[in-house]
Amino acid sequence: MMDATKGLEVPGETLEAEVKAFFDSAPPLQNSDGITQQLDQFIQRNSSPSENGKARRIVCVTSGGTTAPLEQRCVRYVDNFSSGHRGATSTEYFLKAGYAVIFLNRKGSFQPFCRSLPDDPLLECFKPTDESNIQVCETYSEAVKRAVVDHHTAVTGGLLLKLHFNTIFEYLQMLQIVAVSLRCIGPRAMFYLAAAASDYYVPWKEMVEHKIQSGSHLLDVKLVNVPKMLSVLRNDWAPLAFCISFKLETDSNILLKKASAALEKYKMDAVVANELSSRKEQVVVVTSAENVVVKRDKNLSDNDVENPLIKLLSEKHATYIEHPSR
């Protein structure tokens with residue numbers, strides 16, 4: 001049995017105290033100095049004028065679900081459903097649109113440039129030729145070549161930086177580091193927050209250290225609300241960035257109402273509303289000015305819904321850079 005204890009979502013000092021308590025209780029992020037150094041180098045490299053005479057836009061794409069550990073030496077955890085497909089595919093289209101991408105993703109989630117590969121590419125795309133050598137199966141040769149070349153080009157060209165998380169603690173600490181690092185480029189920064197972040201967690205200091213023992217008829221675990229970091233991202237960490245969040249619902253009747261509420265509450269520039277069963281076919285981009293239905297074009301070779309979605313968001317970001325609303 002799990003008791004999900006909801007905290008009150010109130011602004012001001014209460015939220016500030018909740019945020020402080022969350023970060024104070026979180027285990028230290030490993031290699032935080034190294035992550036900061038990577039980010040600084042990446043941002044500096046992409047801040048020089050490009051071929052069109054303008055500095056490149058940089059987007060942080062978050063992708064995959066976070067875990068909420070139940071033990072400090074974690075064996076059991078609460079997980080969020082997310083394959084990471086939306087974030088990984090969007091990363092490809094952001095690169096095509098001329099962005100540099102910080103891909104903040106769950107370890108083991110779907111990765112950019114892998115859409116044409118099978119679920120287990122290492123074992124399914126290769127075959128042994130003898131005891132010492134392997135080669136790509138002819139069926140997948142073009143797909144593997146394209147994936148490897150495109151990924152290598154993006155990474156070595158300094159346009160793709162991949163950072164990995166597992167837990168809600170790691171995710172939010174890394175998101176804070178990314179946001180504060182991007183603050184220096186103002187409105188050229190975009191946040192595309194496609195990760196499925198945990199709504200509830202067990203504070204680190206309240207966790208048992210060792211594995212919870214089985215055998216009891218009931219497991220009583222107290223979960224508390226994760227503070228709503230969208231407000232903090234918007235107001236404190238990167239106040240000039242162009243911010244896009246996502247709203248996923250299973251009930252289409254409440255989807256747009258919930259997306260509009262999130263837009264207003266967290267002062268997002270856009271909320272991408274998607275219904276679970278149709279999310280790969282169409283989404284609705286909700287802004288203060290309009291709601292735009294974005295559908296997958298089945299007649300295109302790149303017929304993912306993310307293709308027209310990123311084109312639309314890129315255009316809105318370009319307009320925002322010329323006329324920042326904050």
Side-chain angles (χ1 to χ4, degrees), residues 39 42-63 86-87 89-104 159-161 175-195 197 228-247 256 258-274 282-295 305-326:
L39 286 164
F42 184 82
I43 293 166
Q44 183 178 5
R45 180 169 185 172
N46 286 290
S47 293
S48 302
S50 58
E51 294 178 357
N52 62 8
K54 298 180 180 180
R56 191 181 297 274
R57 291 179 286 178
I58 303 176
V59 58
C60 173
V61 175
T62 69
S63 185
R86 175 84 77 205
T89 305
S90 297
T91 291
E92 295 182 42
Y93 287 110
F94 273 121
L95 290 166
K96 289 180 180 180
Y99 282 81
V101 182
I102 299 166
F103 185 55
L104 179 57
L159 297 176
L160 177 60
L161 175 62
L175 182 62
Q176 180 185 36
I177 293 172
V178 172
V180 171
S181 297
L182 284 174
R183 187 189 296 165
C184 64
I185 68 171
R188 283 197 297 114
M190 178 197 286
F191 286 87
Y192 183 85
L193 303 168
K228 301 300 183 181
M229 298 293 182
L230 288 179
S231 298
V232 184
L233 171 64
R234 155 61 66 235
N235 296 322
D236 300 328
W237 296 347
L240 293 179
F242 189 75
C243 293
I244 298 144
S245 67
F246 283 73
K247 177 58 67 175
L256 293 183
K258 298 278 284 187
S260 296
L263 183 80
E264 174 62 26
K265 183 174 183 178
Y266 302 117
K267 308 303 178 187
M268 294 288 102
D269 293 287
V271 174
V272 179
N274 45 162
Q282 74 171 44
V283 299
V284 181
V285 176
V286 178
T287 68
S288 58
E290 60 182 350
N291 294 349
V292 181
V293 178
V294 179
K295 295 184 178 181
V305 71
E306 289 83 5
N307 187 1
L309 174 61
I310 300 312
K311 287 180 180 177
L312 175 63
L313 294 176
S314 177
E315 291 169 1
K316 289 186 176 296
H317 188 202
T319 301
Y320 171 76
I321 292 172
E322 295 299 323
H323 306 284
S325 58
R326 292 180 294 282

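Hydrogens, waters and symmetry mates are skipped; everything else that's a heavy atom, side chains included, is used.
Note that CG of Leu182 and CD1 of Ile43 are 4.0 Å apart. Values are rounded to the nearest 0.5 Å. The structure places CD1 of Ile177 at 11.5 Å from CD1 of Ile102, a figure rounded to the nearest 0.5 Å. Here the straight-line distance linking atom CD1 of Ile321 with atom CG of Leu240 works out to 11.5 Å at 0.5 Å rounding. Interatomic distance, Leu312 CG to Asn307 CG, rounded to the nearest 0.5 Å: 11.5 Å. The CE atom of Met268 lies 6.0 Å from the CG atom of Leu233; values are rounded to the nearest 0.5 Å.
Other residues, nucleotides and ligands contribute more than 12 heavy atoms inside 6.0 Å of the NZ atom of Lys96.
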**Study point:** Leu193 and Leu230: CA distance, side-chain angles, deciding distance, side chain to side chain contact (heavy atoms under 4.5 Å, CB included) verdict
**Key:** CA-CA 9 Å; Leu193 303 168; Leu230 288 179; 3.4 Å; yes
Check your understanding: How far apart are the C-alpha atoms of Tyr93 and Leu309, what are their side-chain angles, what is the distance that settles it, and do they pass the side chain to side chain contact (heavy atoms under 4.5 Å, CB included) test?
Key -> CA-CA 9 Å; Tyr93 287 110; Leu309 174 61; over 6 Å; no
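Judged purely by atom type and a 3.5 angstrom limit, Asn274 has no side-chain atom pairing as donor or acceptor with the backbone of Gln282. When atom types are taken as modelled, the side chain of Arg183 and the backbone of Asp236 share a donor-acceptor pair closer than 3.5 angstrom. Arg234 places a side-chain N or O within donor-acceptor distance of the main-chain N or O of Ala241, the cut-off being under 3.5 Å. Between the side chain of Thr62 and the main chain of Ala194, a donor-acceptor pair closer than 3.5 Å is present. Checked by atom type and distance alone, the side chain of Arg86 never pairs as donor or acceptor with a backbone atom of Ser63 at under 3.5 Å. Looking only at distances, no side-chain donor or acceptor of Asn291 sits under 3.5 Å from a matching main-chain atom of Val286.
No donor-acceptor contact under 3.5 angstrom links the side chains of Tyr266 and Ser245, judged on distance only.
The minimum heavy-atom distance between Ala262 and Lys247, with the atom names listed, is CB-CE, 4.5 Å. The two residues Thr287 and Ala270 come nearest to each other via the heavy atoms CG2-CB, 4.0 Å. Listed here is the closest heavy atom pair of Ser288 and Leu263: N-CD2, 3.5 Å. Taking each heavy atom of Tyr99 and Arg56 in turn, the nearest pair found is C-CD, 3.9 Å. Here the closest heavy-atom approach between residue Phe246 and residue Val271 is recorded as C-CG1, 4.3 Å. When all heavy atoms are compared, the tightest approach of Ala318 to Arg57 is N-NH1, 3.4 Å.
Applying the side-chain hydrogen bond (donor to acceptor under 3.5 Å, both in side chains) rule to Ser47 yields the partners Arg188; only residues at least two apart in sequence or on another chain are considered. Looking at residues two or more places apart in sequence or on another chain, you find a salt bridge (Lys or Arg N to Asp or Glu O under 4.0 Å) between Glu264 and Lys267. By the salt bridge (Lys or Arg N to Asp or Glu O under 4.0 Å) test, Glu290 pairs with Lys316, sequence neighbours left out.
Test Val178, Ile244, Asp269 against Phe191 for side chain to side chain contact (heavy atoms under 4.5 Å, CB included) and you get one pass: Val178.
Aromatic ring orientation, Tyr320 versus Phe242: tilted (interplanar angle from 30° to 60°). Taking the six-membered ring where tryptophan is involved, the planes of Tyr192 and Phe94 are perpendicular, since the angle between them exceeds 60° and thus also 30°.
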